[in-house]
J.: 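Quick one: the structure is below, and I'll ask about it shortly.
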Amino acid sequence: MSYFIKSKTTKIVAGVIGFTMALSLFVGVGAQTSSAQGISLSQLVDLFISLGIISSDKAAQARAAVSGYTTTSKFTLDLKVGSKGSEVMNLQKVLNEDSRTQVASSGAGSPGNETSYFGGLTKAAVMKYQIINGVSATGMVDAATRAVLNAVSSSSSSSSVSTSSTGSSSSSSSVSTSSTGSSSSSSSAVAGKEGLITTKLSATPSDDANVRATTNVPVYGIETTAVGSDMTVNRADLEVAVTVSGSAQNPSNFITGVSAYDGSTLLMSKTLSSSDFYKDSNNLYHIILSGLGFNVPVGTTKVLTFNINTNSISSTDTARVVTIKGYSGNTQNIRAQDTLGLQSYTDMSGSTRTFTFNSSGASTLTVSGNVAATPVSNNTRVSSTDGIQNLVMQGIDFKSTTGDSKITTVKVTVNATTTTGLPTVVKLLDGSTVLGSQTAPTTVGGKASFTGLSVMVPKDTTKTLTIQATFPTTVSGQAASTSISATAADVVYEKPDGSSTNAGPSSVIAGNSQYFYSAVPQWSLISASSVGTAGVVGVASSSVTATITLKSHAKGGSMIKPVAGDLTFVFASTTQANGAYTSANSIAVTPTIQVSPTDSSVGDGGDYTVTLTGVIYSSNASIGTSQALFGAISNIASNVGGIAIANQTWGINTFYTSPVQLTKGTF
């Protein structure tokens, strides 16, 4: 077996002695004989490609070897569309050596059919060649393109063929690449592909003149495209400058760490010291980051991002200006490898990002209750086997102003009717993420402490955390709640400058009590309405009629049918902020009641629909000259599963109508 070795790229082209002899015989017989036999040179080469004897990438070189043309001619002329001559023909021959840059796949300009005319097909092939070789893709052969062409021509003329006379296995043959000194086996030369990368500055991260963070700050993004092969970026040589009031300083005095990311995937992270920054003769500092392992599939574009950690800047200190780019002392500052093990380099020294790091500054964290995330008081059934699992008790809002805040400690106070009603576990959640789970205190008013938190609250945003509790099977007949006490140290947060401070609320943030029974009624409002009726002029007979329809759901046992005496119907004159009436200003009336179904009881999971209608007249001694009144339910008695609740005042504070003005005499 023999190998064609191209010294510039150190690629190995597989071949066999029989193939070489066959091609020689083919040339000896001549084109006329081959034509008579119906076999062309191109067909014969294609046959050996299909049999796996040679690779398709080197088909053009095989054709070149047989047809007798070489690429040793030097290129001296500017060539463009319309140019003619031998240099154009030699140009087409060079382009046809690589299937990726062939002028044409068949006909004029194809391998073995090169012409002396520079047309549109040649221009397209030149552009591909320029992209692959990192030359500006103008489609014209200029000085930069000629330099690459002549280098290839020169190396091609010195190509050598090594023939194994011992019959050793191809897998034992290797060639050392000129750029890296690494070895590539012939088997990998057949399986792999030659490729390269193109790079440009990513739109993100963008320049930022007001950076206040100190940890994992994105500062440089390289948009990388793989051409011809899967590519792996393994090294970046980055130039870093740090200035204070215009004066340069060693970057290690400010930058303490660097990390590389593929999207959100961490590729590497490194703590930095002064020995990691190299200073050249031009007083430029640069850092070499190796082993990145940033993989880019062929034909795709991905962004390689670099983040840094820095020392904090005090409020009295001067801002640091950080600039970063590819190291200008090394035009090969970004290095990648293709699947053949060959290296590809790009230069990012012309692409700079600039960041101004200011004092982290202060921040203020305020704490308040979240009404929407805090459940109203209600009845909760206690399972005889599981108790109550992960019951939502309360929602708490944390708002950060001035700067970013990081919550590090939250202490939750647990309250209950008696110690029998205390939970076993208290949890703190951010959405569905459990931030911490603590064994509940064993005393009423004790605190579950969540420490070591790292909950970021960006400036001018609000973070809502939720408190959940798990209760044992023994809490039936008890009530429990949670709160954040008015103790400064019950909420601790970290400011951007790294200092910690307390943010406990000035008053207690209390959740609503939840009531536990082995069997419970769950009441809900279906509808509520009210209407006023005017009386005769001069007669105190105006009235307001209010109608409230409720649903009662039995959970844990059968429910006894409600009667009018089980529900207290009132007319009230004012409401609280949360919509509840003020019972002190209420007037009780006897309502009419309709219950559906009419059965004396419904089983576990059954429902009753209860409609109550109450009327109040302006002749009522408690009514002033003119008053706005609405109907409401002030308490409910019920019996489910033999558990009697005589006076339920919780979970019903939304059971009221809109107000109607009631005036004595004329309505």
Side-chain angles (χ1 to χ4, degrees), residues 127 130-132 134-138 195-243 251 254-255 257-270 284-289 292-310 319-328 330-337 344-358 404 456 458-461 496:
M127 292 180 70
Q130 290 169 326
I131 292 173
I132 290 174
V135 181
S136 179
T138 62
L196 55 87
I197 58 167
T198 62
T199 58
K200 68 176 183 179
L201 189 63
S202 174
T204 56
S206 58
D207 296 346
D208 192 342
N210 187 25
V211 181
R212 294 186 179 272
T214 60
T215 303
N216 217 30
V217 181
V219 292
Y220 204 67
I222 302 174
E223 188 175 298
T224 308
T225 302
V227 179
S229 167
D230 293 350
M231 301 296 295
T232 301
V233 179
N234 282 321
R235 191 185 72 172
D237 191 356
L238 301 178
E239 182 176 321
V240 183
V242 176
T243 59
F254 181 61
I255 300 174
V258 64
S259 53
Y261 284 87
D262 177 356
S264 60
T265 302
L266 177 66
L267 300 175
M268 60 81 66
S269 182
K270 180 179 177 64
L284 301 176
Y285 288 93
H286 64 109
I287 180 172
I288 299 174
L289 303 174
L292 299 177
F294 178 62
N295 298 312
V296 186
V298 62
T300 65
T301 299
K302 295 172 65 178
V303 176
L304 173 62
T305 305
F306 294 95
N307 296 10
I308 62 172
N309 298 334
T310 70
R320 267 64 169 172
V321 178
V322 175
T323 58
I324 185 168
K325 64 178 182 176
Y327 175 43
S328 55
N330 173 18
T331 58
Q332 296 180 338
N333 43 64
I334 306 300
R335 184 178 74 186
Q337 182 172 292
S344 173
Y345 300 89
T346 61
D347 182 10
M348 292 293 292
S349 61
S351 302
T352 304
R353 284 291 183 213
T354 302
F355 297 83
T356 301
F357 287 76
N358 295 300
D404 298 343
M456 293 302 304
K459 176 187 175 185
D460 298 327
T461 64

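We number each residue from 1, following the sequence as shown. Note that the structure is a prediction, hence the values are computed from the model and not measured. In what follows, every heavy atom counts, from backbone to side chain, and hydrogens, waters and symmetry copies are set aside.
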J.: Salt bridge between D404 and K459, side-chain N to carboxylate O under 4.0 Å?
T.: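 Not counted as a salt bridge, because no side-chain N and carboxylate O are separated by less than 4.0 Å.
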J.: Side-chain contact test, heavy atoms from C-beta onward, threshold under 4.5 Å: evaluate it for T310 versus R320 and give yes or no.
T.: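 No, their side chains stay 4.5 Å or more apart.
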J.: To the nearest 0.5 Å, how far apart are OG1 in T323 and CZ in F355?
T.: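 Separation between the atoms: 10.5 Å.
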J.: Just wondering, do F306 and L292 contact through their side chains at under 4.5 Å, heavy atoms?
T.: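 Sidechains of F306 and L292: in contact.
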J.: Calculate, to the nearest 0.5 Å, the distance between atoms CD1 and CD1 belonging to I287 and I255 respectively.
T.: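 Rounded to the nearest 0.5 Å, the CD1-CD1 separation comes to 8.0 Å.
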J.: Check whether N234 reaches the backbone of A336 with its side chain - one donor and one acceptor, N or O, closer than 3.5 Å.
T.: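 Side chain of N234 to backbone of A336: no pair is present.
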J.: If every non-hydrogen atom of A226 is compared with every non-hydrogen atom of P297, which pair is closest and at what distance?
T.: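 What the structure gives for the nearest pair is CB-O, 3.4 Å.
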J.: If you round to the nearest 0.5 Å, how far is CZ of R235 from CD of Q332?
T.: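 Q332 atom CD to R235 atom CZ measures 8.0 Å (nearest 0.5 Å).
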J.: Where the side chain of N307 meets the backbone of S259, is there a donor-acceptor pair that is under 3.5 Å apart?
T.: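 Answer holds: no.
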J.: Could you tell me which non-hydrogen atom of Y220 sits nearest to which non-hydrogen atom of I324, and how far apart they are?
T.: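 What the structure gives for the nearest pair is CE1-O, 3.3 Å.
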J.: Do S229 side-chain atoms and M231 backbone N/O form a donor-acceptor pair below 3.5 Å?
T.: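 Side chain of S229 to backbone of M231: no pair is present.
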J.: Compare all side-chain heavy atoms of D230 with those of N295 and state whether any distance is below 4.5 angstrom.
T.: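 D230 vs N295: side chains apart.
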J.: Quick one: pull up CD1 in I222 and NZ in K200 and give me the separation to the nearest 0.5 Å.
T.: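 Those atoms lie 13.5 Å apart.
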J.: In Å and rounded to the nearest 0.5 Å, what is the CG to NZ distance from L289 to K270?
T.: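 Here the interatomic distance stands at 8.0 Å.
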J.: Hey, is the main chain of Y327 close enough, under 3.5 Å, to the side chain of N333 for a donor-acceptor pair?
T.: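 Judged by distance alone, yes, a pair lies under 3.5 Å.
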J.: So does N216 get a backbone contact from the side chain of N309, meaning a donor-acceptor N/O pair under 3.5 Å?
T.: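 Such a contact is found between N309 side chain and N216 backbone.
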